[in-house]
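A quick write-up on the structure given underneath.
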Amino acid sequence: MEIKILHQVMEWNEDVSEEVKDTLASRHICMINVMGSPGAGKTSLISALIERLRNDFRISVIEGDIAGQVDAERIASLGIPAVQLNTDGACHIEAMSIRHILPELPLDDLDVIFVENIGNLVCPAEFRIGESLRITLLSIPEGDDKVEKYPLMFTDTDCLVLNKYDMLPYFDFDEARIRSNYETVNPNAPLFCVSSRTGDGLGALAAFLSEQIHKAQHPEESCANHGAASGNQLKNNH
Ligand SMILES: Nc1nc2c(ncn2[C@@H]2O[C@H](COP(=O)(O)OP(=O)(O)OP(=O)(O)O)[C@@H](O)[C@H]2O)c(=O)[nH]1
Ligand SMILES: [Mg+2]
């Protein structure tokens, strides 16, 4: 009986997630779901990326935390519209919360919404929130065994960011182990080594995200290119 109820809740979340995704697509807004452990550097990374992307895109942030508004204040201090979403104990954000909070954002003047999910390596990966793109963040001090222990977070993502790379000399962190495990579970998604503190590696990540944001904003171009490349009739069908 309990299993059945869980199944229904998940399906319901998927429906709302699709609805949120359609709403954002109609406005050409790309939503990026940033997931990782508490303290992995999610707010630091989003802040650093804002500085790199804000000349090209109009950005807003939804800050998910169990309690408090510290992170939303950090983002707002950059002059970026930010909304704090408190889950009051829940360990992940659900699509319904995003649907509820979207009207609080200046949707007519946005290209990108970053969502900082609740610090957690498990639950956020199980709930789609209408995002176009997922970033999984792992920081060097957390250890090199996390892909083996928490596979879904690394399987169901569009890229892995290895943050706090400046800390590599101080930890027994086997980068080859992470790379190999990640490639096994998610062979087509890139891995970026960055330091949100020093800025190292952020250029490549920002370039990747710019490309993905453009694709999310203009899906018709991807269809057209794909149709041209493969010689099929996709262009006529969309
Ligand atoms: N050395 C180093 N420290 C970093 C880096 N990125 C973040 N930090 C530090 O790590 C700590 C946590 O960073 P946050 O950005 O607050 O982490 P978070 O994932 O948003 O944390 P929660 O919102 O609490 O889950 C802070 O003291 C940051 O200064 C980095 O690349 N290198
Ligand atoms: Mg944070």
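In listed order, ligands and their atoms are each counted from 1. These numbers were taken from a predicted model, which means no experiment stands behind them. Note: hydrogens, waters and symmetry copies are ignored here, and every other heavy atom, side chains too, is used.
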Any donor and acceptor pair, going by atom type alone, linking the side chain of Asp144 with main-chain N or O of Phe173 inside 3.5 Å?
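No, Asp144 side chain to Phe173 backbone: no donor-acceptor pair under 3.5 Å.
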Quiz item: Just which atoms of ligand 1 are under 4.0 Å from any heavy atom in Asp166?
Solution: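 Close to Asp166: 1 (N), 2 (C), 30 (C), 31 (O), 32 (N).
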Proximal atoms of ligand 1 relative to Asp71 (non-hydrogen, under 4.0 Å) =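 Ligand 1 atoms under the 4.0 Å threshold to Asp71: 23 (O).
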Original post:
Nearest to atom 14 (P) of ligand 1 by heavy atom, Gly36, Ser44, Ala40: which?
Top reply: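 Among Gly36, Ser44, Ala40, the closest heavy atom to atom 14 (P) of ligand 1 belongs to Ser44.
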| Proximity winner for atom 23 (O) of ligand 1, if only heavy atoms of Glu116, Lys42, Glu63 are counted |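 Closest candidate by heavy-atom distance is Glu116.
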Practice item. For Asp172, check salt bridge (Lys or Arg N to Asp or Glu O under 4.0 Å) against everything at least two apart and list the hits. Key: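 Listed in chain order: nothing, the list is empty.
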- Give every protein N, O or S atom lying under 2.8 Å from the Mg ion (ligand 2), naming each by residue and atom.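 Listed by chain and number, the atoms are Thr43 OG1, Asp71 OD2, Glu116 OE2.
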### Query
Taking N or O atoms only and a 3.5 Å limit, does Gly39 qualify as a polar contact for ligand 1?
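Between Gly39 and ligand 1, an N or O pair is found under 3.5 Å apart.
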**Study point:** Contact check: Gly41 vs ligand 1, nitrogen or oxygen atoms, below 3.5 angstrom
**Key:**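 By distance alone, the answer is yes.
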*Is ligand 1 under 4.0 Å from a heavy atom in the side chain of Met35, in the backbone, in both, or in neither?*
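It is neither part, as no heavy atom is under 4.0 Å.
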Heavy-atom distances under 4.0 Å decide this one: backbone, side chain, both or neither, for Thr43 against ligand 1?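 Contact part for Thr43 vs ligand 1: both backbone and side chain.
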Exercise. Does atom 27 (O) of ligand 1 have a protein heavy-atom neighbour under 4.0 Å away?
Worked result: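 No, no protein heavy atom sits under 4.0 Å from atom 27 (O) of ligand 1.
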message: Strictly less than 4.0 Å: does any protein heavy-atom distance to atom 7 (C) of ligand 1 fall in that range?
response: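 Neighbour list for atom 7 (C) of ligand 1 includes protein heavy atoms (cut-off 4.0 Å).
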With salt bridge (Lys or Arg N to Asp or Glu O under 4.0 Å) as the rule and sequence neighbours excluded, what pairs involving residues 196-211 come up?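 Matches after skipping sequence neighbours: Glu211-Lys215.
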For residues 155-162, please give each side-chain donor-acceptor pair under 3.5 Å, one per line with the distance, not counting sequence neighbours.
{"from": "Thr155", "atom 1": "OG1", "to": "Pro151", "atom 2": "O", "distance (Å)": "2.8"}
{"from": "Asp156", "atom 1": "OD1", "to": "Arg128", "atom 2": "NH2", "distance (Å)": "2.7"}
{"from": "Thr157", "atom 1": "OG1", "to": "Arg134", "atom 2": "O", "distance (Å)": "3.1"}
{"from": "Thr157", "atom 1": "OG1", "to": "Thr136", "atom 2": "N", "distance (Å)": "3.2"}
{"from": "Thr157", "atom 1": "OG1", "to": "Thr136", "atom 2": "OG1", "distance (Å)": "3.2"}
{"from": "Thr157", "atom 1": "OG1", "to": "Cys159", "atom 2": "O", "distance (Å)": "3.1"}
{"from": "Asp158", "atom 1": "OD2", "to": "Arg134", "atom 2": "N", "distance (Å)": "2.7"}

